[in-house]
Amino acid sequence: QVQLVESGGGLVQVGGFLRLSCAASGRTFSAYRMAWFRQAPGKEREFVAAISWSGGSTYYADPVKGRFTISRDNAKNTVYLQMNSLKPEDTAVYYCAARVGVKFGLSPIDYDYWGQGTQVTVSS
């Protein structure tokens with residue numbers, strides 16, 4: 001089992017940036033594929049980005065391609081989400097998730113463990 005704790009959310013203006021962090025504890029962090037999801041009020045939780053065990057492979061949802069970057073530091077048991085050129089539609093609670101599977105998962109049901117979420121608000 002792994003425990004996940006997100007941090008780094010906040011209020012930012014349009015065009016600004018934030019860096020989210022997700023600290024993991026428990027079983028071997030490098031055994032998990034990691035991902036970020038987000039959920040806006042009244043909407044379903046949606047996939048944002050995912051990263052492989054080694055960090056060598058990444059996958060992004062179309063709305064964030066070219067603006068967001070997912071990365072991980074297995075020595076620090078941490079996964080990051082660098083968010084640039086933020087837009088009002090990026091406003092949501094952002095969740096970190098972990099899965100043991102061998103492929104990227106794009107649905108919340110693909111993931112075994114979740115953090116509590118961190119709020120990101122982009123103001124215009």
Side-chain angles (χ1 to χ4, degrees):
Q1 186 168 335
V2 64
Q3 293 79 42
L4 305 172
V5 179
E6 302 96 334
S7 61
L11 175 64
V12 63
Q13 291 187 333
V14 169
F17 63 91
L18 283 174
R19 188 195 196 200
L20 305 183
S21 298
C22 173
S25 60
R27 294 183 60 184
T28 306
F29 176 68
S30 59
Y32 294 90
R33 287 182 177 264
M34 302 297 296
W36 289 94
F37 284 77
R38 67 186 181 186
Q39 188 166 17
K43 296 187 177 181
E44 294 186 351
R45 192 168 298 189
E46 66 174 3
F47 171 80
V48 175
I51 191 165
S52 62
W53 303 305
S54 67
S57 296
T58 56
Y59 189 82
Y60 296 92
D62 286 343
V64 307
K65 280 182 181 177
R67 300 189 298 121
F68 291 11
T69 302
I70 188 172
S71 61
R72 67 190 296 166
D73 185 338
N74 287 342
K76 295 182 178 180
N77 285 4
T78 302
V79 63
Y80 305 96
L81 185 68
Q82 178 68 42
M83 306 186 295
N84 298 329
S85 302
L86 284 162
K87 304 176 181 180
E89 52 263 43
D90 295 319
T91 295
V93 177
Y94 283 71
Y95 296 91
C96 174
R99 72 187 300 260
V100 182
V102 297
K103 296 182 180 181
F104 285 129
L106 305 184
S107 172
I109 63 172
D110 295 328
Y111 288 82
D112 305 298
Y113 304 102
W114 292 86
Q116 83 289 348
T118 185
Q119 176 70 47
V120 172
T121 303
V122 184
S123 67
S124 55

With the side chain counted from C-beta on, respond yes when [X] and [Y] share a heavy-atom pair under 4.5 Å apart, and no when they do not.
| X | Y | value |
| --- | --- | --- |
| Thr69 | Tyr80 | no |
| Phe68 | Ile70 | no |
| Arg67 | Lys87 | yes |
| Asp112 | Val100 | yes |
| Tyr95 | Pro108 | no |

Original post:
Strictly by modelled atom types, are Thr91 and Glu89 linked by a side-chain donor-acceptor pair under 3.5 Å?
Top reply: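 No, no side-chain donor-acceptor contact under 3.5 Å.
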Original post:
Under 3.5 Å, is there a donor-acceptor pair linking the side chains of Gln13 and Ser123?
Top reply: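 Their side chains do not contain a donor-acceptor pair, so the 3.5 Å distance test is not met.
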Original post:
What pairs with Asp73 under side chain to side chain donor-acceptor pair (under 3.5 Å), at least two apart in sequence or on another chain?
Top reply: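 Once residues adjacent in sequence are excluded, Asp73 has no partner under the side chain to side chain donor-acceptor pair (under 3.5 Å) criterion.
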Original post:
Quick one: do Lys65 and Asp62 make a salt bridge, cutoff under 4.0 Å?
Top reply: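 Asp62 and Lys65: salt-bridged.
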Subject >> Asp110 and Lys103 ion-paired at < 4.0 Å >> reply: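 A salt bridge is absent here (no side-chain N lies under 4.0 Å from a carboxylate O).
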Indicate yes or no for a side-chain donor-acceptor contact from [X] to the backbone of [Y] under 3.5 Å, with no hydrogens or angles considered.
| X | Y | value |
| --- | --- | --- |
| Ser30 | Thr28 | no |
| Glu6 | Gly117 | yes |
| Thr121 | Leu11 | no |
| Arg19 | Gln82 | no |

Original post:
Can you tell me how far the CE atom of Met34 sits from the CG atom of Asn74, to the nearest 0.5 Å?
Top reply: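 Reported value, rounded in 0.5 Å steps: 9.5 Å.
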Subject >> Straight-line distance of Phe17 CZ to Ser85 OG, nearest 0.5 Å >> reply: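 That separation rounds to 10.5 Å.
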Original post:
Within 45 degrees of the axis of the six-membered ring of Phe29 and under 6.0 Å from its centre: does Arg72 put its NZ or CZ there?
Top reply: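 Yes, Arg72 lies over the aromatic ring of Phe29.
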**OP:** Locate the shortest heavy-atom distance separating Trp36 from Ser21; write the atom from each residue and the value.
**Re:**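 Heavy atoms of Trp36 and Ser21 come nearest at CH2-O, 3.7 Å.
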Are [X] and [Y] in one and the same hydrophobic cluster, where Ile, Leu, Val, Met, Phe, Trp and Tyr link if side-chain heavy atoms are under 4.5 Å apart?
| X | Y | answer |
| --- | --- | --- |
| Val2 | Val79 | yes |
| Phe104 | Tyr94 | no |
| Val14 | Val12 | yes |
| Leu20 | Tyr113 | yes |
| Val122 | Val64 | yes |

Subject >> Set of ring pair (Phe, Tyr, Trp, His ring centres under 6.0 Å) partners for Tyr111, sequence neighbours left out >> reply: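 Ring pair (Phe, Tyr, Trp, His ring centres under 6.0 Å) list for Tyr111, sorted by chain: Phe37.
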Would you give me the side-chain donor-acceptor pairs under 3.5 Å for residues 44-53, sequence neighbours excluded?
unit_1, atom_1, unit_2, atom_2, d
Arg45, NE, Gln39, OE1, 3.3
Arg45, NH2, Gln39, OE1, 3.4
Glu46, OE2, Arg38, NE, 2.6
Glu46, OE2, Arg38, NH2, 3.2
Ser52, OG, Gly55, N, 3.4
Ser52, OG, Gly56, N, 3.3
Ser52, OG, Ser57, N, 3.0
Ser52, OG, Ser57, O, 3.4
Trp53, NE1, Ala31, O, 3.1

